[in-house]
Amino acid sequence: MPRNGSDEAVLLYAFTCGYITLPTSYFIGGEDGKTKVPACVFLIDHPKGLALFDTGFSDRFVGLEKGLGKIVDMPKEHPIADRLRALEVDPDRIDWIINSHLHLDHAGGNHMLPNATIIVQDSEWQFGFTGEDGAYATEDFDTGQPVKRINGEHDLFGDGSVILFPTAGHTPGHQSARITTATGEAVLAGDCCNFRRSLDEMRMPDQVYHADHYRGSLEKLSQLRRAGAKIFYGHDPDFWAIVPQAKKIDLKAL
Ligand SMILES: [Zn+2]
């Protein structure tokens, strides 16, 4: 494990856990063409426990060529359990899975983390079972671990260092996380803000669950960015290319 007696409160690591190719307008409205985007996963190493923010695609996509396999690219070393082992972290040691939301590119690795408690907004959990949105796969997110359903803001470790907060609009119960590290504040946006340009230009995808809520979430992120937080955009291939993989993130270097 990378933590070696360090007194830094929280360490943050990033991993790519698969890719998906979709029309660019799914991410930022009014644009032509398609974009291959990463599924972004973060390990939050806190003295009181290990948490993941999202878990990427399921390993069921490795080698799959039919159906969704045509648009999902899941290299064999990408499943979150393999990513963690490569960093000498036993997947059994993960205490918490924070799901920004339960779409299959965000909750697909949940089943590989048997001792974790899933922490999700209550409205998101309920919506996942309605069948109204084909991007939810119950086999990915309803995998038997305890589920802590929250309503609104939540301080995960009770010390203000990992704060979950609602950023609805992409889905009914989408949430993001503010992480205080030794090198500054990070905001793990998830899909309330897909690209850096989404925030620079305040642009939404063509399809959203609730446009007013989406706009409000972008506003929230914009305020945090103005106050100095480093935003980790949900699916931005250009931004993601400068984020070091599986290494302690130094926010000042980004
Ligand atoms: Zn997504």
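One-based numbering, in listed order, for ligands and for the atoms of each.
Looking at D191, its N, O or S atom nearest to the Zn ion (ligand 1) turns out to be OD2. D105 contributes OD2 as its N, O or S atom closest to the Zn ion (ligand 1).
R60 and D140 are joined by a salt bridge, as a carboxylate oxygen and a charged side-chain nitrogen come within less than 4.0 angstrom of each other.
Shown are V41, L43, L50, D92; of these, the side chain to side chain contact (heavy atoms under 4.5 Å, CB included) with L84 is made only by L43.
Within the cation-pi definition used here (under 6.0 Å to the ring centroid, within 45° of the axis), K36 qualifies as a partner of Y19.
Among the backbone and side-chain atoms of H103, no N/O/S atom is found under 2.8 Å from the Zn ion (ligand 1). Backbone or side-chain N, O or S atoms of H106 reach the Zn ion (ligand 1) at under 2.8 Å.
Note on ring orientation: taking the six-membered ring where Trp is involved, the planes of F129 and W125 are perpendicular (angle over 60°, cut-offs 30° and 60°).
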